[in-house]
Q: 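Would you mind keeping the following structure in view while I ask a few things?
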Amino acid sequence: PDIVGRDLAKEAVLLTVCALLKIPDIAGGANLRGAPATFFFGDTKQAKSYIAKDAAAMLRCPWIDANNASRTGAMYALTERKDGGWHVEWGTLPRNHGKYAVLDELQAWPPEEMSKLRGVLNDGEIQFHKVRRGRRPCALRYVATGNPATAGTPKPMKDFPYPIAAIPE
């Protein structure tokens, strides 16, 4: 609420926060997966993160910075116990099943973490099959932010011949 302007971005966040996670099929079939996600992609210093984080603060929901997502266990962490068994510590995303989260600086997520994240967000649950097996629901309403990714510093959007070319690069 303290950010002036960017009304369409604020409206997008509001619609995301209020979105249905499951859409009932009136024909009696299985529920359809809702699409409660917004992605802000653009140059640095455009208030993308501030708008998303502002909503997270008001809703008391998590904000996950991609620069430390794998280290802090956004999805889960496995630790070996003294008796030789394994303990699963569920991360921020599954602990907030059904709520709202901010995934900031998406371009900085390592490729292997991005692949896991994509599966989790599409499936609405986390599964792993390592030294232990685990499964937990993880359907979220989320806002993701990102900048044009390049080797080194981000290149401004105006330097791309087509703005969409900044995403794969």
Side-chain angles (χ1 to χ4, degrees), residues 8-42 48-49 51-57 59-79 86-150 154 157 162-169:
L8 288 176
K10 291 177 190 173
E11 186 177 331
V13 171
L14 181 61
L15 290 171
T16 301
V17 168
C18 297
L20 295 174
L21 290 171
K22 300 259 186 210
I23 301 169
D25 184 355
I26 59 172
N31 288 339
L32 305 171
R33 184 174 65 86
T38 298
F39 184 49
F40 294 140
F41 182 77
K48 301 179 301 292
S49 297
I51 291 169
K53 286 190 247 182
D54 203 24
L59 297 166
R60 295 186 177 111
C61 292
W63 165 70
I64 300 166
D65 186 348
N67 295 308
N68 61 12
S70 60
R71 188 180 74 244
T72 58
M75 292 179 245
Y76 64 88
L78 291 170
T79 54
W86 290 86
H87 172 71
V88 179
E89 180 70 33
W90 291 107
T92 304
L93 296 178
R95 286 194 321 261
N96 284 280
H97 169 68
K99 298 178 185 171
Y100 170 81
V102 176
L103 309 174
D104 200 21
E105 300 291 336
L106 214 54
Q107 80 282 352
W109 286 60
E112 63 278 356
E113 288 293 313
M114 183 63 84
S115 179
K116 282 192 245 176
L117 178 65
R118 191 174 13 254
V120 167
L121 296 176
N122 283 335
D123 299 341
E125 72 176 10
I126 290 179
Q127 295 183 40
F128 64 89
H129 306 283
K130 295 191 177 196
V131 294
R132 248 187 99 175
R133 291 176 180 246
R135 169 184 245 157
R136 185 156 176 179
C138 185
L140 298 165
R141 296 164 184 86
Y142 66 95
V143 171
T145 69
N147 300 316
T150 58
M157 294 289 284
Y162 303 99
I164 200 68
I167 294 174
E169 190 173 313

Q: Of all the heavy-atom pairs spanning T16 and P36, show the shortest one and how long it is.
A: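 Smallest heavy-atom distance, with atoms named: CG2-O, 3.5 Å.
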
Q: What pair of heavy atoms forms the shortest contact from Y100 to A55, and how long is it?
A: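 Closest approach of Y100 to A55: OH-CB, 3.8 Å.
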
Q: Taking all heavy atoms of C61 and all of K99, pick out the closest pair and write down the distance.
A: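 Reported closest heavy-atom pair: SG-CB, 4.3 Å.
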
Q: Does the side-chain contact (heavy atoms from CB on, under 4.5 Å) test come out yes or no for L117 and L106, once each step is laid out?
A: CA-CA 10 Å; L117 178 65; L106 214 54; 4.1 Å; yes

Q: Is the closest side-chain heavy-atom distance between I126 and W90 below 4.5 Å?
A: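 Counting from C-beta outward, I126 and W90 do come under 4.5 Å.
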
Q: Quick check: do V143 and F39 have side-chain heavy atoms less than 4.5 Å from each other?
A: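 No, every pair of side-chain atoms sits at 4.5 Å or beyond.
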
Q: I want to check something: taking the side chain as every heavy atom from C-beta on, are V102 and I64 in contact at a cut-off of under 4.5 Å?
A: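 No, too far: nothing below the 4.5 Å cut-off.
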
Q: Give the minimum heavy-atom separation between S49 and D104, together with the two atoms involved.
A: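 Where S49 meets D104 most closely, the heavy atoms are OG-OD1, 2.6 Å.
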
Q: Decide if atom CD of E11 counts as having more than 12 heavy atoms of other residues, nucleotides or ligands within a radius under 6.0 Å.
A: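 Atom CD in E11 is not crowded, with 12 or fewer foreign heavy atoms closer than 6.0 Å.
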
Q: State the CG-CD1 distance between L14 and I51, to the nearest 0.5 angstrom.
A: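 One gets 12.5 Å once the value is rounded to the nearest 0.5 Å.
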
Q: Compare all side-chain heavy atoms of T145 with those of L103 and state whether any distance is below 4.5 angstrom.
A: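 In short, these two side chains do not touch, never coming nearer than 4.5 Å.
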
Q: Go through the steps for E125 and R136 under the test salt bridge (Lys or Arg N to Asp or Glu O under 4.0 Å), then give the verdict.
A: CA-CA 6 Å; E125 72 176 10; R136 185 156 176 179; over 6 Å; no

Q: Checking the side chain of R141 only, and the main-chain atoms of G98 only, is there a donor and an acceptor separated by less than 3.5 Å?
A: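 A pair under 3.5 Å: yes.
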
Q: Going through the distances and angles, do F40 and V13 end up as a side-chain contact (heavy atoms from CB on, under 4.5 Å)?
A: CA-CA 10 Å; F40 294 140; V13 171; 3.8 Å; yes

Q: CG of L121 to CE of M114: how many Å apart, nearest 0.5 Å?
A: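 Answer for the CG-CE pair, L121 versus M114, is 9.5 Å.
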
